[in-house]
Structure formats: C-alpha cells, structure tokens
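Note that ligands are numbered from 1 as they come in the structure, with each ligand's atoms numbered from 1 the same way. Atom set for the values below is all heavy atoms of this structure, side chains included, hydrogens, waters and symmetry mates excluded.
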Amino acid sequence: MTRCAITECNDYTAPELDRAFRQIIDNTDFPAISGKTVFLKPNILSDSVPEKAITTDYRAIEALLRILNEMGAEKIIVGDSPGTQMGKLSARLSKIEEAVKAQNAEFADFREKNRPHEINGVRIPMAAALDEADIVISFAKFKTHQLMSATGAVKNMFGTIPGLNKSPLHLRYTTPETFAGFLMKVFEECHVDYAFIDAVIGMEGQGPGSGTPRHIGLMMGSENAYALDRAEALIMGYRSVPLIETAEKLSPGISDAEFPLLQPSSLIIEDYKRIGEGKKNTLRSLVIGTLLNFFRKGNNDRPRPIFSADKCRACSRCVNICPAKALSIENGHVVFEKRKCIRCYCCHEVCPFDAIKVK
Ligand code: SF4
Ligand code: SF4
C-alpha cells in the first residue's frame with residue numbers, strides 16, 4: 001500500500017519547513033536523488049505576490065530545493081508555464097525565481113523548450129524537462145478550483161503544457177469528468193515519482209486565482225499523487241471531487257493509501273469555502289438546468305463567469321485564453337457571448353484584477 005504523509009507546518013520559516021519535509025520524506029517512499037536530474041514542478045499560476053497564496057510558496061520551494069541538493073541531486077530544473085504570461089515573469093513577482101537561483105537550480109520556460117507527446121491521438125507540446133529528468137516531482141498548492149473543485153498534485157502537471165496550448169484542450173474535454181480523464185492521461189505522460197502539496201497557507205472560495213488565503217498549517221507528501229489529492233479534498237470538506245471520482249471509476253483503489261502521520265479525516269475544515277456550495281438546488285432550478293443542458297451542449301447548468309465593469313482594466317488576458325471565442329473587448333469593456341461559453345473558467349483563472357466571479 002502506498003503512503004501519504006501529512007504533518008503540521010505552521011509557517012514558512014526555514015527550520016519549520018525543513019522539519020516538515022524531512023518528516024514526510026522519512027515516512028513515505030521518497031525516490032533516491034543522489035546523482036540524478038530532478039524536475040520540480042510548482043504551481044506558478046500567475047505573476048502574483050506570495051501573500052495572495054496563488055502560487056506554491058517560494059520559501060517552501062527553496063527549503064525543498066535545499067534538501068534535494070543535500071541529498072546529492074546532480075541537477076535541478078524548476079518550471080511552470082502559466083496560460084497568459086511567460087513562466088519567468090510569473091516566477092519573478094512570486095519570488096520563486098530568487099528561490100531557484102539561491103539553490104543553484106535552473107528555471108525552465110516550457111514555451112522555449114518543449115517536445116511533442118501524443119495523448120488520446122493528439123500531439124501536444126510538453127515541457128522538455130520531463131524527458132531530461134530522472135525524477136519528476138509535482139509541488140502543488142492547497143487551493144479550490146472552479147472547474148475541478150480542488151486543484152492538486154495531479155492537475156498541477158497540466159502546467160507542463162506550455163502557455164496557451166492548454167486552452168483549446170478545454171474544447172475537447174468540456175465537462176469536469178471528461179477533463180479529469182484527460183488530466184489523468186497528462187499525469188501518466190509525466191511519469192511523476194513523488195508529489196507534495198503546500199498547505200501552510202491555502203486558498204478557499206474563488207480559487208485557483210481569486211480566492212481568499214487561509215491558514216491551514218500543513219505540509220503533505222506522497223509517492224501517490226491521487227492519494228494526496230484525495231486527502232486534500234477531504235480536508236477541504238468535499239465528499240467527492242471530479243478527479244478522484246473519475247480516477248476511482250477508471251482504476252479502483254488508485255487513491256488508496258496509509259497515513260503514517262496525521263489522518264486526513266481528523267483534519268476536516270467544516271467551514272472551508274468550497275466550490276459549488278451555497279447555491280440551493282430547488283426542483284425548479286434542477287428541471288430548468290436539465291433542459292438547458294440538453295439543448296445547449298451540456299454545460300449551461302453550471303455557473304457562468306460574471307464580469308465586473310468596475311474592476312476590469314481591459315487587459316485582454318481573458319479574451320486571449322478563452323477557447324470558445326466567447327469574449328471580446330469593445331469600448332474598453334469585456335463583451336461576453338453567453339451561448340458560446342463552455343464553462344471552462346480559464347478567464348476567471350487568469351484575470352489579474354479580480355474582475356471575474358463565477359456564480
Ligand atoms: S476581465 Fe480581467 S482579464 Fe478580462 S480584460 Fe478585464 S481585467 Fe483583463
Ligand atoms: S468565457 Fe470564460 S468560462 Fe466561458 S468559455 Fe471563455 S474562458 Fe471559458
């Protein structure tokens with residue numbers, strides 16, 4: 001049985017992080033690092049300051065890199081490729097760039113270095129670091145996610161597909177369930193050896209880009225990323241999330257694990273602001289939703305993005321990423337064509353001015 005280690009980690013000070021990481025590593029099946037090339041994939045969703053808790057925290061990345069160096073890693077590559085910005089730019093504001101430099105690791109921009117992989121019969125560019133590395137580690141952030149309810153270590157690897165190449169894939173996989181199946185294929189292609197989730201400060205509410213930071217006080221790690229994501233969802237208080245539900249249907253037992261340290265069932269945060277809660281399903285709304293769903297491509301029963309004219313600065317990031325071409329800018333405002341929208345929430349994810357809510 002695989003193992004999933006969850007331990008207290010109350011802040012981002014170096015001694016606290018070092019203790020937490022070593023305790024997790026000692027209690028799970030951590031791969032041998034000595035003499036190896038390691039690719040560490042944090043979540044660097046956008047060019048945002050660490051206080052917003054949108055990215056894996058730079059101090060946690062630096063502490064882990066220090067340990068990997070001490071374990072004798074030959075070379076360490078760190079990288080991510082956000083939807084609308086250069087990975088390097090995002091790494092700068094979030095201070096991840098300085099953490100990478102301080103530990104003599106190399107930052108990889110997947111837009112510059114990628115190779116095609118075939119997934120479900122389609123050639124998709126993916127980070128060249130996946131092929132260069134002997135060991136691949138996913139380092140996700142404890143956050144809610146509009147489409148998948150929670151983002152985690154499996155979905156984190158979707159970021160190995162460079163920049164806007166990710167967005168048209170939403171047109172092929174339009175429901176949370178089909179998208180979950182695709183994420184599993186991407187994850188498989190990445191050959192991930194180990195996964196961590198930074199849950200010192202997590203995000204609740206309108207995640208993954210516009211939610212509210214919340215102190216969770218945990219660090220989590222496992223050789224089984226599905227078990228890790230299941231534990232994360234449980235701590236958030238979800239009964240089920242699309243990724244784990246789909247994964248268990250396709251591969252029963254894939255997310256099973258033992259918990260040698262803290263038990264996730266004892267860590268459930270009852271008042272965590274989860275996705276899709278707070279909206280009552282009356283009989284009338286269920287009937288209308290089902291009919292709309294039948295006539296309109298199957299997604300219109302889900303909440304839609306709402307654009308705030310007051311907050312919008314017409315930066316066009318949402319327009320550029322929208323795979324359904326449902327958005328345009330006219331006279332300095334976003335024009336939204338509701339009928340075209342497939343509810344992928346990419347626009348919400350990339351808006352840097354909190355001008356999009358999902359309701
Ligand atoms: S809604 Fe957000 S992402 Fe879209 S144009 Fe306005 S500020 Fe930019
Ligand atoms: S408007 Fe937003 S949610 Fe709708 S398809 Fe475009 S990016 Fe996706």
Subject >> N, O or S atoms of the protein lying under 2.8 Å from atom 8 (Fe) of ligand 2 >> reply: Cys344 SG
Considering only distance and modelled atom types, tabulate donor-acceptor pairs under 3.5 Å from the side chains of residues 204-218, sequence neighbours left out.
residue	atom	partner	partner atom	Å
Glu204	OE1	Arg214	NH1	3.0
Glu204	OE1	Lys273	N	3.1
Gln206	OE1	His348	NE2	3.1
Gln206	OE1	Val358	N	3.1
Gln206	NE2	Val358	O	3.2
Arg214	NH1	Asp271	OD1	3.3
Arg214	NH2	Asp271	OD1	2.8
His215	NE2	Asn10	O	2.9

Subject >> Lys166, NZ: over 12 other non-hydrogen atoms inside 6.0 angstrom >> reply: yes
Subject >> No-hydrogen, no-angle side-chain donor-acceptor test under 3.5 Å, Gln23 and Thr7 >> reply: yes
Got a list of side-chain donor-acceptor pairs under 3.5 Å for residues 126-139, not counting sequence neighbours?
residue	atom	partner	partner atom	Å
Asp131	OD2	Arg115	NH1	3.4
Asp134	OD2	Thr37	N	2.7
Ser138	OG	Ala153	O	2.9
Ser138	OG	Asn156	ND2	3.0

Subject >> Sidechain-backbone polar pair: Ser251 side chain, Ala247 backbone, donor-acceptor under 3.5 Å >> reply: no
Original post:
Which N, O or S atoms belonging to the protein are less than 2.8 Å from atom 6 (Fe) of ligand 1?
Top reply: Cys312 SG
Original post:
With a cut-off of 4.0 Å, which atoms of ligand 2 are near a heavy atom of Leu327?
Top reply: 1 (S)
**OP:** Look only at the side chain of Thr175 and the backbone of Thr178, and say whether a donor-acceptor pair between them is shorter than 3.5 Å.
**Re:** yes
Original post:
Under 6.0 Å between the ring centres of Phe196 and Phe21?
Top reply: yes
Original post:
Salt-bridged, Arg3 to Glu258, with N to O below 4.0 Å?
Top reply: no
Subject >> Residues, nucleotides or ligands: over 12 heavy atoms within 6.0 Å of Lys113 NZ >> reply: no
**OP:** Would you please indicate if the ring centroids of Tyr173 and Phe179 are separated by under 6.0 Å?
**Re:** no
